[in-house]
**Student:** 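I'd like to ask you about the structure that follows.
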Number of protein chains: 2
Amino acid sequence: MIKSVEKAFRVLESLSLAEGPMRLSDIARANGMTRSNAFHLLQTLQELDYVRQAEDSSAYEVTFRAFEIGARILKRTGLVSVAHPFLVHLSEQVPENVMLNVRDGIWNVVADRIESRSVVRTLAFLGARAPLQAVSSGKVLLAHAPESIVQAVAANLTAFTERSITDPAVLRAQMETVRTQGYAIAIGEVNADAKGVACPLRDRHGEVVAAVSIAGPMDRLTEDTASAYVVLLQDTIARIEAAWANGWRGAVEGARG
Amino acid sequence: MIKSVEKAFRVLESLSLAEGPMRLSDIARANGMTRSNAFHLLQTLQELDYVRQAEDSSAYEVTFRAFEIGARILKRTGLVSVAHPFLVHLSEQVPENVMLNVRDGIWNVVADRIESRSVVRTLAFLGARAPLQAVSSGKVLLAHAPESIVQAVAANLTAFTERSITDPAVLRAQMETVRTQGYAIAIGEVNADAKGVACPLRDRHGEVVAAVSIAGPMDRLTEDTASAYVVLLQDTIARIEAAWANGWRGAVEGARG
DNA sequence: TGTAGTGTTCTAATATATGGAACAATATAC
DNA sequence: GTATATTGTTCCATATATTAGAACACTACA
């Protein structure tokens, strides 16, 4: 572990988590380093263009460069661009938010998200992380993840609400159900009044690479609507898979107007 | 400039730019470092969870953690969440892509993007960077940027196409026009067949903090449609500004279902 | 006007990152 | 199938780059 690299990322994380620009001393204190040390790190990050000093004050803030790196990852697979228009179409048929999720280690990450016009309330922002076992899309992704991941998750079952899965046996059983029935549901397992349905999305080799989910507040997502959503999800996913398999890139990227 | 930090970010950038996972030796070669050096850097990045070894091979790839950092930046302002539903509404009225852009130093960055259902072709991906002077939204942002930024841009006018602005005087004149007429147009200045219109979005203090743009291929965006779009843009922006000023957060973020 | 805290520069000491050699494990060539 | 080249990884000694600390000018505030 290269110490200075670790520190640099700690500084970057502090800044990205802060409400606004941070002052040098605060950064130093927050990370238990001397001011001069923090200064050197910040100067480096600034030269690399990951951090800038806010135009008026001398406080530091992150630039969008970090965002750019991340955005490239999503762009690379092409999946997001292919899927996006289909998800938009789906979101027009349901009064809830639609999300494209991928797995990152033992986490569920929101790779794309379409807000329904009628929905004021968003339950997840782009890039949001959630434990795999506690959200519908995460369950789908976990059900098709390598055994090593399942073990890691099973060893770390924390209760966020009283409905959270805490028993590894229950987890395994649910995973089996998800695999056979082809969809997953999560009911208030990370946030008490949120509920979601999700289905797997496969690449041309049949590997599950993402999960599409519909999520909303508890009271609106009844049993009936949920099963109707599964049909919609599967239909949408079938189309995305077809488009993707055909090598169709939904977008010609790079140019601007 | 802390050397190891610089190297770590170089490695991260290489990985994020690569098509797929990269092997240790290639990373080392690409960045002119020894294998053992690259190994240590990668191990550090791996411990920090920014990089992982692809599940099958031993090749390295970036995780979504970098994306997460970036996504937090956007989330912080709240602007994106507030604006999003309005932009979706706008995109339903025009057969082109709608984008929310912010300025990052001398660059235009796409902070949010809504693809019109009817548009297969996307001209810009989330997080895309373009020179301020060459895209419509960039012109808007530059027209309201501090003098130091204008100078930096003016000193670096490169010709991407034959329509690109290369004369600082022309740039200054256009900036003045943009300020008085309240919108900007770019016609094939970075990509020959792309065109766009953009208007400024202000915060409650009247500061221009973003630009909303409509962009598409040259042939579809005529003079007439462009001026119609300006009206739509201004209408949409007025609503966003109102919603934002009222402290309305379009989304309650964090929870999942 | 005084006191406490801040951003930044400098220098010296040493903790630390680095290259190179060594090795087993793969990949590639023949 | 063997031989050869290349690869990922470990270890170590050394030089180098990182760090803490003192010093200073500046700001904020009482």
Side-chain angles (χ1 to χ4, degrees), chain A residues 1-63 65-66 105 146 148-149 205, chain B residues 1-63 65-66 105 146 148-149 152:
Chain A
M1 174 82 90
I2 297 177
K3 251 186 160 175
S4 50
V5 174
E6 188 199 351
K7 286 185 182 177
F9 277 99
R10 278 232 304 277
V11 167
L12 200 61
E13 296 236 331
S14 306
L15 286 173
S16 86
L17 283 168
E19 287 298 313
M22 277 180 97
R23 298 175 329 144
L24 175 65
S25 303
D26 295 324
I27 297 168
R29 231 188 322 263
N31 297 294
M33 40 181 82
T34 59
R35 274 177 296 149
S36 73
N37 196 174
F39 177 73
H40 285 298
L41 289 164
L42 283 165
Q43 194 159 280
T44 304
L45 289 171
Q46 198 167 8
E47 279 190 67
L48 295 172
D49 204 23
Y50 284 96
V51 155
R52 89 162 79 80
Q53 283 182 273
E55 270 147 25
D56 44 350
S57 77
S58 68
Y60 294 87
E61 60 187 1
V62 262
T63 68
R65 185 162 269 270
S148 61
I149 300 291
H205 310 297
Chain B
M1 174 83 89
I2 296 177
K3 249 185 159 177
S4 51
V5 173
E6 187 198 354
K7 286 185 182 178
F9 277 100
R10 278 232 304 277
V11 167
L12 200 62
E13 295 237 331
S14 305
L15 285 172
S16 86
L17 283 168
E19 286 299 313
M22 276 181 98
R23 298 176 328 143
L24 174 66
S25 303
D26 295 324
I27 297 167
R29 234 189 320 264
N31 297 295
M33 40 182 81
T34 59
R35 272 176 298 149
S36 75
N37 196 173
F39 177 72
H40 284 297
L41 290 164
L42 283 165
Q43 195 158 281
T44 304
L45 290 171
Q46 199 167 7
E47 278 190 69
L48 295 172
D49 203 24
Y50 284 96
V51 155
R52 89 163 78 81
Q53 283 182 272
E55 271 147 23
D56 44 350
S57 76
S58 67
Y60 293 87
E61 61 186 1
V62 261
T63 69
R65 187 163 264 272
S148 60
I149 299 290

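From a predicted model like this one, the values you see are computed outputs, not experimental measurements. Every chain is numbered from 1, with letters handed out A, B, ... down the list of sequences.
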**Student:** Which pair of non-hydrogen atoms, one from A/Met22 and one from A/Ser14, has the smallest distance, and what is that distance?
**Tutor:**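 For A/Met22 and A/Ser14, the tightest heavy-atom pair comes out as SD-O, 3.9 Å.
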**Student:** Between A/Leu42 (CG) and D/dT18 (P), how many Å, whole number?
**Tutor:**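 Spelled out: CG on A/Leu42 to P on D/dT18 is 15 Å.
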**Student:** Which of the following nucleotides, C/dT16, D/dT19, C/dG19, is nearest to the side chain of A/Asn37?
**Tutor:**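 Taking heavy atoms from C-beta onward, the closest nucleotide is D/dT19.
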**Student:** Find the distance between OH (B/Tyr50) and CG (A/Leu12) and round it off to the nearest 0.5 Å.
**Tutor:**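 If we round to the nearest 0.5 Å, B/Tyr50:OH and A/Leu12:CG are 6.0 Å apart.
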**Student:** Between C1' on D/dA20 and CE on A/Met33, what's the gap in Å once rounded to a whole number?
**Tutor:**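 In whole Å, D/dA20 C1' and A/Met33 CE are 13 Å from each other.
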**Student:** Indicate whether OP1 or OP2 belonging to D/dA17 is found under 4.0 Å from a side-chain N or O atom of B/Ser4.
**Tutor:**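 Negative; the distance criterion is not met.
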**Student:** Rounded to whole angstroms, how far apart are CG on A/Asn31 and P on D/dT18?
**Tutor:**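 After rounding, the reported distance stands at 18 Å.
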**Student:** Please determine whether side chain to side chain donor-acceptor pair (under 3.5 Å) holds for the pair A/Asn37 and A/Lys7, giving the CA-CA distance in whole Å, both sets of side-chain angles, and the decisive distance to 0.1 Å.
**Tutor:** CA-CA 9 Å; A/Asn37 196 174; A/Lys7 286 185 182 177; 2.9 Å; yes
**Student:** A/Val62 and A/Ser16: which non-hydrogen atoms are nearest, and at how many Å?
**Tutor:**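 That closest heavy-atom pairing would be CG2-CA, 4.0 Å.
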**Student:** B/Thr44: which residues meet the side chain to side chain contact (heavy atoms under 4.5 Å, CB included) condition with it, sequence neighbours left out?
**Tutor:**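 Result, side chain to side chain contact (heavy atoms under 4.5 Å, CB included) vs B/Thr44: A/Met1, A/Ile2, A/Val5, B/Leu48.
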**Student:** Using modelled atom types only, decide if a donor and an acceptor are shared between the side chain of A/Arg52 and the backbone of A/Glu61 within a distance under 3.5 Å.
**Tutor:**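 Flag not set: sc A/Arg52 to bb A/Glu61 has no pair under 3.5 Å.
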**Student:** Compute the bend angle of the helix from C/dT1-D/dA30 to C/dC30-D/dG1 from the end axes (five pairs per end), rounded to 10°.
**Tutor:**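 Axis-to-axis angle, ends of the helix: 50°.
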**Student:** Between C/dT16 atom C1' and A/Leu41 atom CG, what is the distance in whole Å?
**Tutor:**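 In whole Å, C/dT16 C1' lies 14 Å from A/Leu41 CG.
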**Student:** Is it true that a side-chain atom of B/Arg35 and a backbone atom of B/Ala28 form a donor plus acceptor pair closer than 3.5 Å?
**Tutor:**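 Not a single qualifying donor-acceptor pair exists.
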**Student:** All N/O contacts under 3.5 Å from nucleotides 6-9 of chain C to the protein, with atom names and distances to one decimal?
**Tutor:**
from  : atom 1 : to      : atom 2 : distance (Å)
C/dT6 : OP1    : A/Arg23 : NH2    : 3.2
C/dT6 : OP1    : A/Arg29 : NH2    : 3.3
C/dT6 : O5'    : A/Ser25 : OG     : 3.4
C/dG7 : OP1    : A/Leu24 : N      : 3.0
C/dG7 : OP2    : A/Ser25 : N      : 2.8
C/dG7 : OP2    : A/Ser25 : OG     : 2.3
C/dG7 : N7     : A/Arg35 : NH1    : 2.9
C/dG7 : O6     : A/Arg35 : NH1    : 3.4
C/dT8 : OP2    : A/Tyr60 : OH     : 3.0

**Student:** Provide, to the nearest angstrom, the distance between the CD1 atom belonging to A/Ile2 and the C1' atom belonging to C/dT18.
**Tutor:**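 Whole-Å distance recorded here is 9 Å.
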**Student:** Does C/dA17 have its OP1 or OP2 closer than 4.0 Å to a side-chain nitrogen or oxygen of B/Lys7?
**Tutor:**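 Result: no.
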**Student:** Would a line drawn from the ring center of B/Phe9 to the ring center of A/Phe9 be shorter than 6.0 Å?
**Tutor:**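 Yes, the ring of B/Phe9 comes within the 6.0 Å limit of the ring of A/Phe9, centre to centre.
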**Student:** Side-chain contact test, heavy atoms from C-beta onward, threshold under 4.5 Å: evaluate it for A/Met33 versus A/Val11 and give yes or no.
**Tutor:**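 Counting from C-beta outward, A/Met33 and A/Val11 do come under 4.5 Å.
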**Student:** Name the residue closer to the 5' end of DNA chain C, choosing between A/Lys3 and B/Thr34 according to the nucleotide with the nearest heavy atom.
**Tutor:**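 On the 5' side of the pair lies A/Lys3.
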